[in-house]
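Right, one structure below, let's go through it.
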Amino acid sequence: MKRTGWLWGLGALLLAAYVVPYTLLAGIGRWHGAFLFWLAFGILVWGLLSLVVWRWNVSAVPPDSGEAGRGGQP
Amino acid sequence: MTPAGIWIALVVYGIAGLAVAFWARRQLAGGAEDFYLGGRRITGLVSAASYAATTYSAFMMLGLAGLTYRGGVGALGFELVYFAGLGLVLIFGPRFWLVGRRFGFVTPSEMLGARYGSPLLAGLVAVLSCVFLVPYSAVQLMGIGLLLSGVSGGAIPVGVGILVGAVLAAAWTLLAGLRSVAWTDAAQSVLILGSALLALWFVVDAIGGVPVFLARVEAEYGAWLHQPGPGLFSLPTFIGLTLPWLFFSISNPQVSQRLFTTRDLGAMRTMILGFLGFGLVFTLISILWGYSALLLVPDLANPDLATPALLATGAIPVWLAIPLLLGIVAAAITTIDSIALTLASMVGRDVYRASVKSASDAAELAVGKVVILVLIAAAALFASLQLNLISLLSVASSSALLVTVPAIVGAFFWRRGTAAGALSSVAGGALAVVALGAAGLNPLGIPYAVVGFALSIALFVGVSLATTPPADRGKAFIDDVRPQLDRLRAS
């Protein structure tokens, strides 16, 4: 995945979260309507964000990173 | 639940919390950075639990359940949009952390002031945060008061409940700053989630089990399963409610300040992963809790009383009702104490220290501690007065804090952003939100939160382009963090 590719995925999910329940699923008074859709949305967001964070190479940025200028002004 | 039983539970809960807070105090090293940020050495699991407990207030089992009761499935979409907004922490978390370490920032407002070269901007954001978050804390205290009064049949007066919440929040904040807040938060997050999960199990069981629960909701409350449902969640309302929520993780200082506190980015990763799991589960519990209330205690005039009414049905055994009650009280207190700590750091640093140049670290800390007491006392006073104004400011709080987002985004992504642009964006946006919110105006049918946010973006961009940017054009925030961010994402 391109490093910022996940942002497009998240954006698409968010757009769908606003559009789909108010169009395709409007008026479906069943659990497999908007409830299931938003539940799937939540699980996909959870999976996507977890995957991105899991792939962070945290050991490449030790805690003392960039402390050289500590206390100064940017 | 007898009043005596509730009091015993509250005393045990208070003593346990104090024990954790005193234990955390042993690690206190001294100084403002240590008090407010735990010395930037908070571990991943404690960060995760504390971040979750701070974010999820009494709103979940009281307000969100009530919102489901009143408006149906839209409440799920509303809360999950906030959840998706955590994607912003993936973008801004490492950036906050890197510049925080490099320049020693303690508050998000201090960071903004330094980025744009404007102490006035830092002070303005600090003051606005107080204006909007103190009423939000007052509503939390009011929630504790109403809940304790409701379940005790009025034997515990609302005012006494408010006082209990205020005293505990103040004690856990003052004892060791973020260390005691984080550790008591972490301990309470287990209580919050565990008791809610068990209570939901018992309530669904009282309805007749999962299949009966599902079938009855579909048969009796079908409109509560689609949009716009029984009428609350029209699309403009949904957008107006969710937009501030989407940006909560960077607009609300009590959570964005946590991005300075983890001991390394591995701890931040654990914090995010832990929070994601907690958030998804707790959201589902609160929504299903609201549906259960529809079936067990229908036709309530005030949906916010769904939870006390459910507790009174006897569907939940007393041995569980007490921990659930404490879990909701804990959810409120963990939010109040974090807000008090963050606001105290902002006033101490960005208002007091910025205006008294010779002020020492010790003086800043002393002022902060007084501010903690004053803020919590003010929240308790507001709560006891039960003014309509509080509700208005509380509802407007997330919309108003949204106006800080353009300046925050610009700090890391737009070199042309200027102090004048940021100041006008924050001040103009906040004024618009408050004026429109107070007048109950949604211009052209557009929710006032959206109008305020759009104005804030327009002012930031327009005024920035018309003025001169800082000499280094944000080099430290944009160029200098780039190599480290590249290494972080190189897998």
Side-chain angles (χ1 to χ4, degrees), chain A residues 1-4 6-7 9-11 13-14 16-74, chain B residues 40 73-74 76-77 80-81 83-84 86-87 90-91 94 98-99 101-104 114-115 117 214 217-218 221-228 235 238-239 242 246 263-266 268-269 272-273 276-277 279-280 283-284 287 470 472 474-477 480-481 484-491:
Chain A
M1 184 160 45
K2 200 168 162 247
R3 278 182 314 193
T4 53
W6 67 273
L7 268 173
L10 186 64
L13 281 170
L14 270 168
Y18 282 88
V19 173
V20 175
Y22 282 91
T23 53
L24 296 177
L25 302 174
I28 299 178
R30 309 287 297 273
W31 287 103
H32 60 250
F35 187 93
L36 183 64
F37 174 80
W38 269 323
L39 180 60
F41 163 75
I43 292 170
L44 285 172
V45 166
W46 171 79
L48 179 67
L49 299 186
S50 298
L51 182 70
V52 173
V53 175
W54 189 253
R55 288 159 59 106
W56 277 2
N57 188 8
V58 293
S59 58
V61 189
D64 58 355
S65 294
E67 283 199 274
R70 191 179 176 80
Q73 285 294 308
Chain B
R40 301 182 202 269
V73 71
L76 175 65
L80 287 179
V81 167
F83 182 71
L86 208 74
L90 275 61
I91 299 169
L98 283 166
V99 298
R101 293 236 154 199
R102 179 169 174 190
F103 298 107
R115 162 65 177 85
L214 296 176
V217 172
E218 275 193 354
Y221 295 98
W224 273 252
L225 288 171
H226 66 73
Q227 291 301 87
L235 186 57
F238 187 75
I239 293 171
T242 50
L246 183 63
R263 70 176 178 191
D264 52 30
L265 287 177
M268 185 179 285
R269 173 167 73 181
I272 295 170
L273 287 170
L276 284 169
L280 189 59
T283 298
L284 277 176
I287 298 291
D472 71 347
K475 176 178 175 290
F477 280 60
D480 294 354
V481 297
Q484 287 146 322
L485 292 173
D486 286 343
R487 285 205 300 276
L488 179 68
R489 290 173 190 150
S491 52

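We name chains A, B, ... by the order of the sequence lines, and we start the count at 1 in each one. No hydrogens, no waters, no symmetry mates; every other heavy atom, side chains included, goes into these values.
- Most heavy-atom pairs under 4.5 Å with chain A, from the set B:Leu214, B:Leu280, B:Leu273: that is B:Leu214.
- Between atom CD1 of residue B:Ile287 and atom CZ of residue A:Phe35 there is a gap of 7.5 Å, rounded to the nearest 0.5 Å.
- Between the side chain of B:Arg101 and the backbone N or O of A:Pro63 there is at least one donor-acceptor pair closer than 3.5 Å.
- In this structure, A:Leu39 and B:Leu76 approach most closely via the heavy-atom pair N-CD2, 4.3 Å.
- Between A:Leu14 and B:Leu246 there is a side-chain heavy-atom pair separated by less than 4.5 Å.
- Taking CG from B:Leu225 and CG from A:Leu36, the interatomic distance works out to 11.0 Å, rounded to the nearest 0.5 Å.
- Separation of atoms CD1 (B:Ile91) and CG (A:Leu7) is listed at 4.5 Å; rounding is to 0.5 Å.
- Within the 4.5 angstrom heavy-atom criterion, only side-chain atoms of A:Phe41, from C-beta onward, approach chain B.
- Your options are A:Leu49, A:Leu10, A:Leu13, and the one with the most heavy-atom pairs under 4.5 Å with chain B is A:Leu49.
- For the side chain to side chain contact (heavy atoms under 4.5 Å, CB included) criterion with A:Val61, the lone passing option out of B:Val481, B:Leu98, B:Asp264 is B:Leu98.
- With a threshold of 4.5 angstrom between heavy atoms, B:Ile272 approaches chain A through side-chain atoms but not through N, CA, C or O.
- Going from atom CG of B:Leu235 over to atom OG1 of A:Thr23 covers 9.5 Å, rounded to the nearest 0.5 Å.
- The aromatic rings of A:Tyr18 and B:Phe238 stand perpendicular to each other, their planes meeting at an angle above 60°, with 30° marking the opposite boundary.
- Interface remark: B:Ala223 contributes no atoms to any contact with chain A (heavy atom separation under 4.5 Å).
- Between B:Pro94 and A:Trp56 the shortest heavy-atom distance is CG-CH2, 3.6 Å.
- Contact tally against chain A (heavy-atom pairs below 4.5 Å) for B:Val99, B:Leu86, B:Thr242: the top residue is B:Thr242.
- Counting only distance, with no hydrogens or angles, the side chain of B:Gln227 and the backbone of A:Leu25 share no donor-acceptor pair below 3.5 Å.
- For chain A, the nearby part of B:Leu284 is the side chain; its heavy atoms alone come within less than 4.5 Å.
- When heavy atoms are compared at a cutoff of 4.5 Å, A:Ile28 approaches chain B solely by way of its backbone atoms N, CA, C and O.
- Using modelled atom types, one side-chain atom of B:Arg269 and one backbone atom of A:Trp54 make a donor-acceptor pair closer than 3.5 Å.
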